[in-house]
Amino acid sequence: MLSAGFELLLLGVCCLWCPAQGSEEAEYVTCGSVVKLLNTRHNVRLHSHDVKYGSGSGQQSVTGVEASDDANSYWRIRGKVNDDCRRGEPIKCGQTIRLTHVNTGKNLHSHHFSSPLSNNQEVSAFGENGEGDDLDTWTVQCSDSAWEREDTVRFKHVGTSVYLTITGEQYSHPIKGQREVHGMTSANAHNYWKVMEGVFIKPSLPPGTARHDEL
C-alpha cells in the first residue's frame, strides 16, 4: 500500500489539468480534488517547498509564486480531522477543510507567530503525511451554497480567525521574488483566492455505476 505522502507525491507529479465532464456537478470544487489556488489581487499561486522559516516557528514556509507550472503549488482538499468529507462531494460554503501540500504531505497551518516580512500572522505548512493538528483547519467563505470553480473565495483560519492573505511583500535569497503568505484579521481584496489548474474529482455515482474518469 502506498503511504499517504508518496500517493500525494505521485498526484503532484503526474496530474495537470483534468476537468470533469458530463455532469452539472463538474462546476464545483470537490473533496479530494488536487488544485492550485491563485490569489486574484496579486496573481500568484499558493506554494510551499522544503524551505523552513528562519524566524518564528521555523516550520516549512508557505509563499506565493508567479509561475503557473510549478509542481510545488498543488494542494489536496480534505475534510477536517474525524469528519472527513466524502471523495467527490462538493465543498459547501462555510465548510471546514484542510489543504494538504501534495509534494511534502504537510497541511496549510497558522498560529500566533509573526510573519517574517509584514509582521502579520505566520502561515506555514505543518504535519507529516497529511496529519497535523487542529490548527490546520480553514473555513471556506463563498457566496452560494457550494464552492464553484469560477468563484473567488476566502479561507478563514478556524483556530485564530485570520484570513489567508498576500499583500505583496517579496522574499530575497534563497526564495527570491516569492511573496509572503500570512494571516490578517480583516476581510479585504488581498485575501480572495480562485482555483486554477488541478484534478477535480467528480461526485460519487450510485454503486455499480461505471465511471470512466476514476483516478
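A quick note: this is a predicted structure, and the numbers were derived from the prediction, not measured. Along the sequence shown, the residues carry numbers beginning at 1.
- At least one test fails for K176 against the ring of Y171: distance under 6.0 Å to the centre or angle within 45° of the axis.
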Is there a side chain to side chain contact (heavy atoms under 4.5 Å, CB included) between Q59 and H109? Walk through the geometry before answering.
CA-CA 10 Å; Q59 293 176 3; H109 180 95; 3.6 Å; yes
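- With respect to the salt-bridge test (charged N to carboxylate O, under 4.0 angstrom), the residues R45 and E66 do not qualify.
- With 3.5 Å as the limit, one finds no donor-acceptor pair spanning the side chains of S114 and E122.
- Among residues two or more places apart in sequence or in another chain, the side chain to side chain donor-acceptor pair (under 3.5 Å) test is passed with Q60 by S48, T104.
- With a 4.5 Å cut-off on side-chain heavy atoms, S124 and K106 do not count as touching.
- With hydrophobic clusters built from ILVMFWY side chains whose heavy atoms lie under 4.5 angstrom apart, L135 does not share a cluster with W138.
- When all heavy atoms of I166 and H190 are compared, the closest pair comes out as O-CB, 3.1 Å.
- For the residue pair T40 and W193, the shortest heavy atom distance occurs at CG2-C, 4.5 Å.
- Using a 4.5 Å cut-off between side-chain heavy atoms of Ile, Leu, Val, Met, Phe, Trp and Tyr, with links allowed through other members, W147 and Y163 fall into different hydrophobic clusters.
- If you check the side chains of T63 and E180, you find no donor sitting under 3.5 Å from an acceptor.
- With contacts defined as side-chain heavy-atom distances shorter than 4.5 Å, the pair T96/K80 qualifies.
- In summary, the side chains of S118 and H182 do present a donor paired with an acceptor at a separation below 3.5 Å, with no hydrogens or angles considered.
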For side chain to side chain contact (heavy atoms under 4.5 Å, CB included), just list the numbers for T160 and Q121, CA-CA rounded to whole Å, side-chain angles, deciding distance to a tenth of an Å, and then say yes or no.
CA-CA 9 Å; T160 64; Q121 184 166 301; 2.7 Å; yes
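- Contact detail for S161 and K156: the closest heavy-atom pair is O-CE, 3.6 Å.
- In summary, the side chains of N107 and T100 do present a donor paired with an acceptor at a separation below 3.5 Å, with no hydrogens or angles considered.
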For I201 and C31, run side chain to side chain contact (heavy atoms under 4.5 Å, CB included): C-alpha distance rounded to whole Å, both residues' side-chain angles, the deciding distance at 0.1 Å, then the answer.
CA-CA 7 Å; I201 306 301; C31 182; over 6 Å; no
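- Placement of L117 and I175 within a single hydrophobic cluster is found when ILVMFWY residues are connected by side-chain heavy-atom separations under 4.5 Å, directly or transitively.
- Under the 4.5 Å side-chain criterion, counting only non-hydrogen atoms from C-beta, E150 is in contact with K194.
- Side-chain N or O atoms of D144 include none that pairs as donor or acceptor with a backbone N or O of A146 at under 3.5 Å.
- Cation-pi check for R149 over Y28 is not met; the charged atom does not lie both under 6.0 angstrom from the ring centroid and within 45 degrees of its normal.
- Defined by atom type and a distance below 3.5 Å, a donor-acceptor pair is present between the side-chain atoms of T167 and E169.
- For N103 (side chain) and A71 (main-chain N/O), a donor-acceptor pair under 3.5 Å exists by modelled atom type.
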Please assess V65 against V44 for the test side chain to side chain contact (heavy atoms under 4.5 Å, CB included), listing each intermediate value before the final yes or no.
CA-CA 5 Å; V65 297; V44 293; 5.7 Å; no
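- Counting heavy atoms of neighbouring residues, nucleotides and ligands inside a 6.0 Å radius, atom CG of D133 exceeds 12 of them.
- Residues G132 and D136 come closest through the heavy atom pair CA-OD2, 3.1 Å.
- Here the side chains of L108 and F126 are not in contact, with every heavy-atom distance at 4.5 Å or above.
- Not a single side chain to side chain donor-acceptor pair (under 3.5 Å) links T137 to another residue, sequence neighbours left out.
- Under a 3.5 Å cut-off, the side chain of W75 and the backbone N or O of K36 do not form any donor-acceptor pair.
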Apply side chain to side chain donor-acceptor pair (under 3.5 Å) to H47 and S73, showing your working.
CA-CA 4 Å; H47 178 92; S73 299; 3.1 Å; yes
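- Closest of all the heavy-atom pairs between E197 and S68 is OE2-CB, 3.8 Å.
- V81 places none of its side-chain heavy atoms less than 4.5 Å from the side chain of D134.
- Figure legend: R154 and Y192 shown as a cation-pi pair, the cationic atom lying under 6.0 angstrom from the six-membered ring centre and within 45 degrees of its axis.
- Distance check, rounded to the nearest 0.5 Å: CD1 of I91 to CD of E148 gives 13.5 Å.
- Between E131 and R78, at least one side-chain N (NZ, or NE/NH1/NH2) sits under 4.0 Å from a carboxylate O, which counts as a salt bridge.
- The closest donor-acceptor contact from the side chain of T165 to the backbone of N191 lies at 3.5 Å or more, if one exists at all.
- Considering all non-hydrogen atoms of both residues, T30 and S33 come closest at OG1-OG, 2.8 Å.
- Using a 4.5 Å heavy-atom threshold, the side chains of V153 and V195 count as separate.
- Inter-residue side-chain proximity for L46 and N39 is flagged as unmet; no heavy-atom pair is nearer than 4.5 Å.
- For H49 and S61, the side-chain atoms include at least one donor-acceptor pair closer than 3.5 Å.
- Grouping the Ile, Leu, Val, Met, Phe, Trp and Tyr side chains by contacts below 4.5 angstrom, directly or via other members, places Y53 with V181.
- By the 4.5 Å heavy-atom criterion applied to side chains, L37 and F155 are counted as neighbours.
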